[in-house]
Each structure stands twice: as structure tokens, then as C-alpha cells.
Q: 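Below is the structure I would like to discuss, written out as C-alpha cells.
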Amino acid sequence: MYAVLTLLGLLLGAIVLLIAKLTLQQRRRRTENFDGQQIERHHSAEIRDIRAANRSIAVHNRLVDGGNDYRPRKR
């Protein structure tokens, strides 16, 4: 009985892992249309700005002057 339950558990786990892997692969693919590419560029630029604002020197400057030097670009 335990062998059957173990086998079913392993089978179910393998199915879940395969579904998760396929879902992640589809999400990682680059967008084909122009609008999707523009959105991806915009998001990557925002992420780059946030990372630059969170570098140690930027954080130090914010602590010294007491302000927030990161302001997102206007769209």
C-alpha cells in the first residue's frame, strides 16, 4: 500500500514540476510584437534605475542629505 502511495506521490510531483518548468519557459520568452518589446524596455529601464538608486553610495547620500534622490522618469 505504501509503495502505491509513494509511486502516486512521485508521479504527481513529476507532473507538477514539468508544468512549472513549461510555465516558466513561456514567461521567459521574449515578446514578439513591438508593443511588448517597448514594455519590456521600459520595465528593464525602471529596474536599472531602482538598482542604481539602491547602490551603497546612493543610499549613503540619501542618509546624509535626508532626501530621496531617486525619482522615476515621467512617462
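Just so it is clear, the structure is predicted and the values come from calculations on it, not from any experiment.
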Q: Can you tell me how far apart CG (L10) and CG (L17) are? Round to the nearest 0.5 Å.
A: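 Those atoms lie 10.5 Å apart.
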
Q: By the definition side chain to side chain contact (heavy atoms under 4.5 Å, CB included), identify the one residue from L22, I15, V16 that meets it with I19.
A: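 One option only clears the test, and that one is I15.
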
Q: Could you walk me through whether H42 and E46 pass the side chain to side chain donor-acceptor pair (under 3.5 Å) test, one step at a time?
A: CA-CA 6 Å; H42 180 72; E46 284 181 347; 2.8 Å; yes

